[in-house]
Each structure stands twice: as structure tokens, then as C-alpha cells.
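Structure record follows, encoded as C-alpha cells.
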Amino acid sequence: MIRVAIVDDEILARVGIQSLLESCEDIQVAGSFGVAEEAFKFLRTNLVDIVITDIEMPNMNGLELIRRIREQKLAAGVIILSCYEKFEYAKEAISLGVDGYILKQDINQEAIEKVVYDVAARIRGKERPVKSESIEQMMDSSEGVKTVAVMKIGQEEGEAGEQGLNREKMMLHLLEELVAHYHMGNVLSSYKRNPFIIFRFEGEGTARDRHGMLEEYIDIIEKNFFQYTNRQILFGISGEFMDTREILPRYEEAEEALQQRFYHEQRQVFFSGEISWQERTPPLMFSEDIFLNEFKAEILERELSEFLRSCREQQVRVKSVREGMNQSVSILMFNILKKTLHRDGEIGAWMNRYPVSGTISDAACAGDMKRDVLALLMDFHRDLEAHLREDSFGEVFRYIDRKIQTRLSLEELAALSNMSVSAFSKRFKERTSMPPIQYINLKKIEKVKEYLKRPEYTLGEIADLTGFSNENYMVRVFKKITGSTITDYRKQINMARM
């Protein structure tokens, strides 16, 4: 059963989505809320798999709710609701690591079911529940210096279900026998995601002596384990401690050490003392030109490689790497779609077709991430190119984008499509839900906004650069399309920079 919570201050949208989901036997609407604060309180005490939330809401908005959900791990999946024109909100939501995206005007039974099932499939099985076995069973080992070694056992493809569980139990029994036979310490197999060993070192040896003994223990485990199971085993090693009350924080420390595997695929043992994680990622700015003009996979691969190399050198925390990659790739795709697609509802469908978040979170190491992201972007480019070739208006839209700074006429656009002006205008409105002149002005205003961020340009210069006949006409069109004056818009820009 997939448990879903819905958050939207528009009652009709909220009730409509709930009605659609409640018709699915394996989806349960755990709660429906018009206020984000109420949803947040509910999530803190109730089990929910997926949250579907609007972005624009009073008081706590959807972005803040998503941020709190991620920080406190209140739900594994998040799907955002948005409107086509609310691109800036959607872009910020993408940076928070949402799992799905759907436009409000695109919602129907098939669309909402698909995005919920797709997100559920990606998040299912990624988290194993914490079992109730007590750490107190380790308390009889309070003597001597200790260290925690968290282990990750390699898996084989297709190993799932009851057979996979039986295989896992067998390997854990083997591990327990090895540790007991060589008097290494204790194995705890049911805390959080990975089993771990509490290695014990009795006597008065030095830290160097203990390190040598630890290496011998690990060598024994690796050789025996591989001999009987043909599996590799990875170790994350904590610092030393004596008080058993430190077991749990040391477990977290060892888990952190194991994260180094992301950067070092050939190693099996990782020590916590080797790392000093940084949170900030280096910049990753993909060139949109390689999508909009001549596609070059080698440039994409070089940009991905440089980003991951910089992250490794700076010891950027793996979680931050995934978030940075997810944000950059998602925004790249969103920008490309926004410039090439011209029908409401298409962008959300295309974004959901390419699971950026799932692809990145599933990558076990940096090499896998680069390969999988590159493959996803190449598939995205191939499919988009094919779609645009089949679109009879594709050349018209691309022509408008290229010539937006000129004074375009309906005659030249109609000629591109081999139509009369009246036939072209009718077909254009059917395709975009707006007359050609309105569409062209909308594109021109997007360019105006870009130039307004640069104070060195006067309004007259901006009008010339964006193809408006004069400054006054540009000002009137800006107010009509945005609902704001140019003066107010520039004030907002200046306040955002402060």
C-alpha cells in the first residue's frame, strides 16, 4: 500500500486529486491538508510514503515544507504541483530533490497514477526499517579499546525476494562464525541498514599495534568471505573508543567513512580519520548550446568528469554531490524544454519521463553516476530531437528564438510553414493557445527580463536589443504580460541582490 498526503490550499484541486487517488486499490490517502503547517505536524507523527504538495501557499509555502520533509526525513518521496508559468518556484523545488513533477492543468487519472507509481517504484526498498534488537547485548564487552566496522556486502543482480533474504541470512551467519572463531569482537546484524562488527582489543598495546591487528582481522574476513560466497565486502572503520555508550555515534562515524567508496571504487576499507567532509559543491553549469545547436556528448562527459573530480579532491559529502548533480541536470533539462516546447502540459510529462533523481540516487559510485547521467542526457537529447523533427511548427519556434531581437512579421513566419497568414495564425493559436503576436511578445519579454538584470543597459537600448519598435511600447507590453512595471521589477532584482 502506498500512503500519500496531499497539500494544496485550493480545495477543488485537493479534493480532485484525492478522488482520483482513492479510486486506486493500492494507494491510500493518509491525509489531505489546505495548510502546510498542519501537514507538517501530521507527517511528524504519521507514516507517509509520498507527499504531493503545491508550491504557492500562504504562511509556510511548499518549498519550506519540502525542505523540512527532507531535513527530518518525514517522507521518502515528494511530488510537486505547479503551473506552467511558475518556473522559478519549480526550479527551486528541483534543488531540494523532488522525486516527481506534475502540472496542475495536466492532472487526470492516468497522469496522477503514473507519477505516484513511478515515484513509489523508485523509493521502494531503499530503506530498511530499524529492528528492535538492543545494543545492550554488547554491554558485556565493556573492557578494552574498541572500534566499529560497518560492512556492506556486495549483491548480485536478480537477488531479491525470499531467496535473497535467505542468502543474506547465510552470509551473516558466516560472518558471525568468523568473528567468534577468531575472537575479534561482536557482530550486530539488525541495526539500521548495514551489519557491523564491534572489534575489541584487549591488553595494553599501542594504537599502531591495534591498527595492525585490525588489518589482520579484516584480511581474515575478506579471504574467508570471498572463498565461501564469492562476494566482496566493504568496511567503514570508526575511530577508537572505550565506553560502550559511544557505539551508536561510532556507528554513524563508520557509515560516514564508508561513503568514501563513492570516490574510490577499487578500495574495500575506509577509515573515518581519512575524511573531512565539505558540504559545498563546486559549480556545475552545463552548456545549453550543445543541446540547442550542435550536440556534443564529449563536452557533456568532460563537464561531468571535471565536476566529480573537483568533488573528490575537495572531499565533498556524497549527499551534497548527489543534490548538486540532481539540481544541475534537472534545471538544464527544464531550461531546454522551456525553450523548445510550446504547449502547456508538455514540460511536466517530459520531466517525469526521465527520472533524474532516481538515476543519481541509484549510482553507487562516481563512475556509475557519470555513465548513467550521460546516458540519460543522451536519451533525452535523442528523443527531444525526434519530437521536434516530427513537430511541423518546430522550425517556426526555433526561427522565433533565433530572430527574437528583430521585428518579426507574420508574413515571414507563415512563409516558413508554406501557409497563408490567416491559416498560419489559426494553426499557431491551436498549437500554442495564443496568437502569434502574443507568443512573440512573451518571448521578447523573457529577453527583456535578462537585460534588466544588467544595470549598464538603458531602457532604450533594451528595446532595440529585443526587437521592440520603441521604449514606450516595450514598457506597455511588459506591464501587460507580467502585471508589474519595469521599475518595480528592477527594485525586486536589487532587493534580491542585497
Side-chain angles (χ1 to χ4, degrees), residues 55-56 63 82-95 280-296 299-300 302-303 306-307 310 324 327-342 347 396-409 412-413 432 434 436-498:
I55 296 179
E56 255 193 317
L63 298 174
S82 185
C83 299
Y84 181 79
E85 67 271 20
K86 299 300 183 183
F87 169 62
E88 292 301 322
Y89 290 130
K91 185 165 66 173
E92 186 172 352
I94 286 169
S95 74
R280 179 173 295 181
T281 60
L284 174 59
M285 297 296 292
F286 291 109
S287 172
E288 294 177 14
D289 288 342
I290 65 175
F291 276 88
L292 297 173
N293 298 311
E294 184 179 358
F295 182 75
K296 292 184 179 179
I299 295 179
L300 272 178
R302 185 165 65 245
E303 290 174 334
E306 178 60 25
F307 172 75
S310 297
Q327 178 179 358
S328 296
V329 174
S330 297
I331 290 175
L332 169 70
M333 292 171 59
F334 205 112
N335 283 337
I336 298 301
L337 292 170
K338 191 167 183 285
K339 290 180 178 179
T340 56
L341 301 181
H342 307 273
I347 290 182
V396 173
F397 294 129
R398 288 190 288 275
Y399 184 83
I400 292 173
D401 287 339
R402 290 196 305 270
K403 301 287 187 177
I404 197 66
Q405 74 280 6
T406 66
R407 294 170 189 173
L408 292 162
S409 69
E412 63 183 299
L413 295 178
T432 63
M434 63 182 75
I437 296 301
Q438 182 182 345
Y439 177 85
I440 292 169
N441 282 338
L442 189 64
K443 286 291 184 178
K444 287 180 181 291
I445 292 304
E446 289 178 3
K447 288 290 184 183
V448 170
K449 287 181 177 179
E450 293 177 12
Y451 283 113
L452 288 173
K453 295 175 182 177
R454 302 168 64 179
E456 66 267 25
Y457 288 103
T458 66
L459 293 186
E461 289 171 334
I462 294 174
D464 288 338
L465 289 168
T466 53
F468 281 101
S469 57
N470 57 67
E471 176 183 329
N472 290 333
Y473 181 52
M474 178 185 74
V475 170
R476 291 198 305 273
V477 173
F478 189 95
K479 178 70 172 1
K480 182 177 180 180
I481 289 178
T482 67
S484 170
T485 65
I486 286 180
T487 301
D488 289 341
Y489 185 77
R490 270 189 157 164
K491 286 180 181 178
Q492 292 174 11
I493 294 172
N494 292 332
M495 289 179 63
R497 288 172 177 164
M498 295 176 63

Output all residues satisfying side chain to side chain donor-acceptor pair (under 3.5 Å) with Asp488, sequence neighbours left out; order by chain, then residue number. Thr485
CD/Gln327 to OG1/Thr281 distance, rounded to the nearest 0.5 angstrom? 8.0 Å
Partners passing side chain to side chain contact (heavy atoms under 4.5 Å, CB included) against Arg302 (at least two apart in sequence or in another chain): Ile299
Approximate separation, where rounding is to 0.5 Å, of Ile440 CD1 and Asp401 CG: 11.0 Å
How would you list, by chain and number, every residue that makes a side chain to side chain contact (heavy atoms under 4.5 Å, CB included) with Arg280, sequence neighbours excluded? none
Side-chain (Ser328) to main-chain (Leu284) donor-acceptor, under 3.5 angstrom: yes
With sequence neighbours excluded, what pairs up with Glu450 under the side chain to side chain contact (heavy atoms under 4.5 Å, CB included) test? Lys447
Residues two or more places apart in sequence or in another chain: which of them pass salt bridge (Lys or Arg N to Asp or Glu O under 4.0 Å) with Arg407? none
With rounding to the nearest 0.5 Å, note down the distance linking OG1 in Thr432 to CG in Leu442. 10.0 Å
Pairs touching residues 462-480 that satisfy side chain to side chain donor-acceptor pair (under 3.5 Å), sequence neighbours left out: none
Minimum heavy-atom distance Lys444-Ile404, with the two atoms named: NZ-O, 2.7 Å
Hits for side chain to side chain contact (heavy atoms under 4.5 Å, CB included) against Glu461, two or more places apart or cross-chain, chain-then-number order -> Tyr457, Thr458
Which residues share a side chain to side chain donor-acceptor pair (under 3.5 Å) with Ser409, sequence neighbours left out: Glu412
OG1-OH distance between Thr482 and Tyr489, expressed to the nearest 0.5 angstrom: 8.5 Å
Just so I know, are the side chains of Gln438 and Asn441 near enough to count as touching, which here means a heavy-atom distance under 4.5 Å? no
